[in-house]
Amino acid sequence: MRLLTWNINSLRLRLPLLARLVDEEHPDVVCLQETKVPDPLFPLDAVRKLGFPHVHFAGMKGYNGVAILSRLPFTPLADFPDWCARKDCRHIGVVFTLPDGPVTLHDFYVPAGGDIPDRELNDKFAHKLDFLDEATRWFTATPPARSILVGDLNIAPLEQDVWSHRQLLNVVSHTPPEVERLNAWMKTGFVDVMRRAVPPDEKLYTWWSYRNRDWRASDRGRRLDHIWMTPDLVPAFRSMRVLKDARDWDGPSDHVPVIADLAF
DNA sequence: ATGGTAGATGCTCTA
């Protein structure tokens, strides 16, 4: 199975880029974040024509939105929390029935958290921390097995996940309270397989701001997008690639796709 | 220390 995750930053605007991505990489399953499309306007026919008969999505007007596109059939996950009681379309999940057993796939879009890393001064930062705590509580109460969790988690946890650890220590996405919470969530039962593929002492980014004149030259990136797997699935993990060149496509997202190849 | 860009929306928010 070739699994791909991408914060597409508007599905409707970047349908041509999605078509190019599918044509070049042939993913079996695509997890999208920031689709920015309300469910009644979801481009279902266009997505089916790309070769994905099985589609699950949750979107809203203007912001957020997640979608899972698949060549393989699945069952959508039900009975998940309405995270922070906001109904804000940041998570969906599905279960694939494979020959060796079921595999659960989660697609998350964690709140970005605004600019000020202080929960007293910034409601968005408080929301981000609360979301992480709630996710940690949920996965602690319901330990994951045969599960994959992907998405834009909006946190770069390791020193080499940002262009300058020192300069970003107090910048939302790399602050200690966020990193502690992301690690606590992961420790409910997941392995960071991107860092199995690329050693932790090597730089690894998936996002470069739009606000740089030359993103490649300045290379002020962050690893905000993640692929986690439970230990029982890690033996099936084969390889991972960050499609950095997609940042130079015509009208790019500020995030690039990440691919994982799995032996099932 | 500051401001830089992008998308959806509709006279501004989120990232």
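Reminder, nothing fancy here: chain letters follow the sequence lines and each chain counts from 1.
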Check your understanding: Is any side-chain nitrogen or oxygen of R213(A) closer than 4.0 Å to OP1 or OP2 of dG3(B)?
Key ->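 The answer is no; no side-chain N or O of R213(A) sits under 4.0 Å from OP1 or OP2.
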
Check your understanding: Hey, is R146(A) close enough to D100(A) for a salt bridge, meaning N to O under 4.0 Å?
Key ->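 No, no charged N to carboxylate O under 4.0 Å.
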
Exercise for review: Indicate, with yes or no, if the rings of F190(A) and F139(A) have centres closer together than 6.0 Å.
Suggested key: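 Distance test on ring centres: under 6.0 Å, yes.
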
How far, in whole Å, is [M] from [N] if one measures between their [atom1] atoms?
N       : M       : atom1 : answer
dA15(B) : dG4(B)  : C1'   : 13 Å
dT9(B)  : dC13(B) : C1'   : 9 Å
dG10(B) : dT14(B) : C1'   : 15 Å

Review point. Applying side-chain hydrogen bond (donor to acceptor under 3.5 Å, both in side chains), which residue pairs with at least one partner in residues 183-192 of chain A are found, sequence neighbours left out?
Key: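 The answer is D192(A)-R223(A).
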
Practice item. Report which part of the nucleic acid R220(A) touches: base, sugar-phosphate, or nothing (heavy-atom distance under 4.0 Å, all strands). Key: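 R220(A): no heavy atom of the nucleic acid under 4.0 Å.
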
Check your understanding: With under 30° as parallel and over 60° as perpendicular, where do the rings of W83(A) and F80(A) fit, or are they tilted in between?
Key ->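 Answer is tilted, since the angle falls between 30° and 60°.
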
Practice item. For the pair H106(A) and F108(A), name the ring-plane relationship: parallel under 30°, tilted 30 to 60°, perpendicular over 60°. Key: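 It falls in the tilted class, 30° to 60°.
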
**Study point:** Nucleotide-resolved protein contact map, nucleotides 8-15 of chain B, B/S/- at heavy-atom distance under 4.0 Å
**Key:** SSS--BSB

Check your understanding: Excluding sequence neighbours, so at least two apart, what forms side chain to side chain contact (heavy atoms under 4.5 Å, CB included) with D214(A)?
Key ->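 Only R216(A), A217(A) meet the side chain to side chain contact (heavy atoms under 4.5 Å, CB included) criterion with D214(A).
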
